[in-house]
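Below is one structure, written out as structure tokens; the observations come after it.
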Protein chains: 2
Amino acid sequence: MLSEGRKKNRVTLLDVARHASVSRATASLVIRKSPLVSTETRAKVEAVMQELGYVYNMGAARLRADRSLTIGVVIPNLVNPFFTELLAGIDRIIDAAGMVVILVNSGDLVARQETLLTRMREHGVDGIILCPAAETEMSLVEKMVEWDLPLVQVLRRVTDDCDYAGVDYAFGMRQAVDHLAELGHRDIAFALHGPIHSAYQERIDGFRDAMEARGLDPENVIRVPHQIAAIAEAAGLFTEGSRRSSAVVCFNDVVALGLSAGLYDLGISIGRDFSLVGFDDVADAEAMRPRLTSVATFPEAIGEGAAKLLLDRLAQPDLAPRKLVNAPQLHIRQSSAIWRGSSLGRRQESG
Amino acid sequence: MLSEGRKKNRVTLLDVARHASVSRATASLVIRKSPLVSTETRAKVEAVMQELGYVYNMGAARLRADRSLTIGVVIPNLVNPFFTELLAGIDRIIDAAGMVVILVNSGDLVARQETLLTRMREHGVDGIILCPAAETEMSLVEKMVEWDLPLVQVLRRVTDDCDYAGVDYAFGMRQAVDHLAELGHRDIAFALHGPIHSAYQERIDGFRDAMEARGLDPENVIRVPHQIAAIAEAAGLFTEGSRRSSAVVCFNDVVALGLSAGLYDLGISIGRDFSLVGFDDVADAEAMRPRLTSVATFPEAIGEGAAKLLLDRLAQPDLAPRKLVNAPQLHIRQSSAIWRGSSLGRRQESG
DNA sequence: GCGACGATTTAGATCGATCTAAATCAGTTG
DNA sequence: CAACTGATTTAGATCGATCTAAATCGTCGC
């Protein structure tokens, strides 16, 4: 009923053309702001479009012109604030280019990711920004190249034969470790969690290299649970047992927030008895008390970078693959402090 | 170059039909899983599609069938975790229905919202889920009804002539106020911020009604800044001056987080000297220390509800407008506690 | 053996814009 | 005044699927 109505009284380009006494082709040129039409004709046609309430039909245009002004964004997780900020950055650039974002959530599952990518392809997106799910095969990306579907990897990468926008995690880790080492800490742990992917690996490697460079133990790496409530319960891993730490570098701010809660529960004062450094510096970091020292990775800027890479590639498909690697920046606040000796009963080591 | 390639070797339904020695029409029926085709023909066609690597072209289908399997979601803010969870709920349902979400961010600006809605319409979305920007006119929604574009309002509403999925804010406020009153608090403030819209008004009204029902001052309503760092600085508004409160109900968890930080900075112990109740109960609430008492509004469930309303309406456009109003639920944790008298030097009142 | 009937299949028009190649027009030029 | 510009405009084919209405096929009853 309604849809019949919608269909019936839809005003098309042909209607516009007739009312303006020009051809469909001319009307089309007006829409596309071609310089070919004369100013008077343009004005006339535009007036008629206004008058009739003409609505451009992207779908029809897309079919003929093989372009949809639509891009697909695949992220593994919607509720992590990091991805949200990334998305905000992507949206800003894509929107400014007059395009829209089709958003899907892979849940970090490769099978699901594959389904979703096929669906985007069916929908005719012009390109895709993908944060590959953990364990994504290189062949996936190769397949997409074969499809001629412009692709930008973001935050994680599975191949170098394709654009990538991400973070220099190693540099971030070095800043975190150096900061703690300069405060006098020697027993520094790395707390990580989550699925394993390139960004995960780069952070571990970065931590180990930085520790080694300082002559500290690079193997003090501890996995914590994924759920934030469970992370809090795991705080004891760092403060009890034979291997106690006086400082922890966290995989991201979510881990930092969880450990912060857990240390609070254990009665340990962060920024006095224990130092904590987060990673990513999402908005909440500054709202924590004590304020969280964190390595800022500027997710919004990365999103913008990824979107720009994609727009460039759409304009010039033959460009060589490019990398955009952002330098992170340590923000020192209250959660990290000078080492005050074995206030936790930490065992003393020689050297 | 590449796009020529893409276009040239695209395999269409006609190719499939030829290879399978059937007509285009039959192949189309196979795709759409029509019961009209025989099992053998179906198998044959499907085999050919597989073999040729056929990719369905939604765009072409959409043009003819006037349906896009696409819905638009307009939200005012991407980085508020509340909206993110809402979005996750919407995505789950829409995805399960085989459709995709086109996401845009209005930034809570009416002008921008209007542009975006037009754009969605041009893109041919089948329907829209809209959280109206503050100060949205009723006429906007009426216009969309005129366009025959199925619409669901979510969280905020500007008219009753259109589906709506939201929260019973008044009930949530009553739970929060009752809880604090039962703990012995009498000087209870409401801390709010942000742009003014229906959800804002419903919360204020709910607070006032609940306070009045308890014989408490309904006018103790204080606006705090929008930026989270600035909220912290505003904490003194509740603890200093002539009008001191012993407990605060917050507009949402973001305000609660900010105030919590500010109170910490003032050396006030939350859950002992002062009680704080959040609103929304986003994931972070349980990670705060002390754990935040908060009124859970289940954003993900609301998102699911909104998406279901929209799917129903797509199926039956003539349905009367429906409302889905979720009952929120108070989660009592550590940030609210029994009133201990004037530990803040609170002035004593008679009655 | 013929018309009827249910089950399958199909030709051809159609959705609404874009593209190509050619037509039209006003103004110059020799 | 015919030929030649450059600037505008246009007819008609086209993108790839869907829809309508009609054709085909095998079988069954009489």
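Each chain gets a letter, A, B and so on, in the order the sequences are listed, and its residues count up from 1.
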Contact under 4.0 Å: [X] side-chain N or O vs [N] OP1/OP2:
X: B:Arg64; N: D:dG16; value: no
X: A:Arg32; N: C:dC19; value: yes
X: B:Thr26; N: C:dT8; value: no
X: B:Thr41; N: C:dT8; value: no
X: B:Ser28; N: D:dA17; value: no
X: B:Ser23; N: C:dT9; value: no

Test side-chain hydrogen bond (donor to acceptor under 3.5 Å, both in side chains) applied to B:Arg32 and B:Ser28, step by step: CA-CA 6 Å; B:Arg32 285 176 286 154; B:Ser28 177; 2.7 Å; yes
Derivation and outcome, salt bridge (Lys or Arg N to Asp or Glu O under 4.0 Å), residues B:Asp318 and B:Arg313: CA-CA 8 Å; B:Asp318 300 323; B:Arg313 179 151 303 277; over 6 Å; no
Report the distance from atom [atom1] of [X] to atom [atom2] of [N], rounded to the nearest whole Å.
X: B:Met49; N: D:dG16; atom1: CE; atom2: C1'; result: 15 Å
X: A:Leu36; N: C:dA23; atom1: CG; atom2: P; result: 18 Å
X: A:Arg67; N: C:dT18; atom1: CZ; atom2: P; result: 7 Å
X: B:Met58; N: D:dC15; atom1: CE; atom2: C1'; result: 15 Å
X: B:Leu14; N: D:dT18; atom1: CG; atom2: C1'; result: 14 Å
X: A:Lys44; N: D:dT8; atom1: NZ; atom2: C1'; result: 12 Å
X: A:Glu40; N: D:dA7; atom1: CD; atom2: P; result: 15 Å

Which listed nucleotide ([options]) is nearest to the side chain of [X]?
X: A:Leu13; options: C:dA17, C:dC19, D:dA17; value: C:dA17
X: A:Arg24; options: D:dT18, D:dT9, C:dT18; value: C:dT18
X: B:Ala25; options: C:dT10, D:dT10, D:dA17; value: C:dT10
X: B:Tyr54; options: C:dG16, C:dT10, D:dA17; value: D:dA17
X: A:Thr12; options: C:dA17, D:dA17, C:dT9; value: C:dA17

DNA chain C: 5'-proximal contact among B:Ala60 and B:Ser38 (nearest heavy atom):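 Looking at the nearest nucleotide for each, B:Ser38 comes out on the 5' side.
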Side-chain donor or acceptor of A:Gln153 paired with backbone N/O of A:Val158 under 3.5 Å: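 Checking the backbone N and O of A:Val158 against the side chain of A:Gln153, a donor-acceptor pair under 3.5 Å is found.
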Sugar-phosphate only, base, or nothing, as touched by B:Ala61 at under 4.0 Å among non-hydrogen atoms: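 Answer is sugar-phosphate: B:Ala61 comes under 4.0 Å of backbone atoms only.
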Check against salt bridge (Lys or Arg N to Asp or Glu O under 4.0 Å), A:Lys323 and A:Asp163: CA-CA 6 Å; A:Lys323 285 190 225 324; A:Asp163 291 330; over 6 Å; no
Chi angles and distances behind the salt bridge (Lys or Arg N to Asp or Glu O under 4.0 Å) call for A:Arg112, B:Asp95: CA-CA 11 Å; A:Arg112 179 137 187 67; B:Asp95 183 88; 2.5 Å; yes
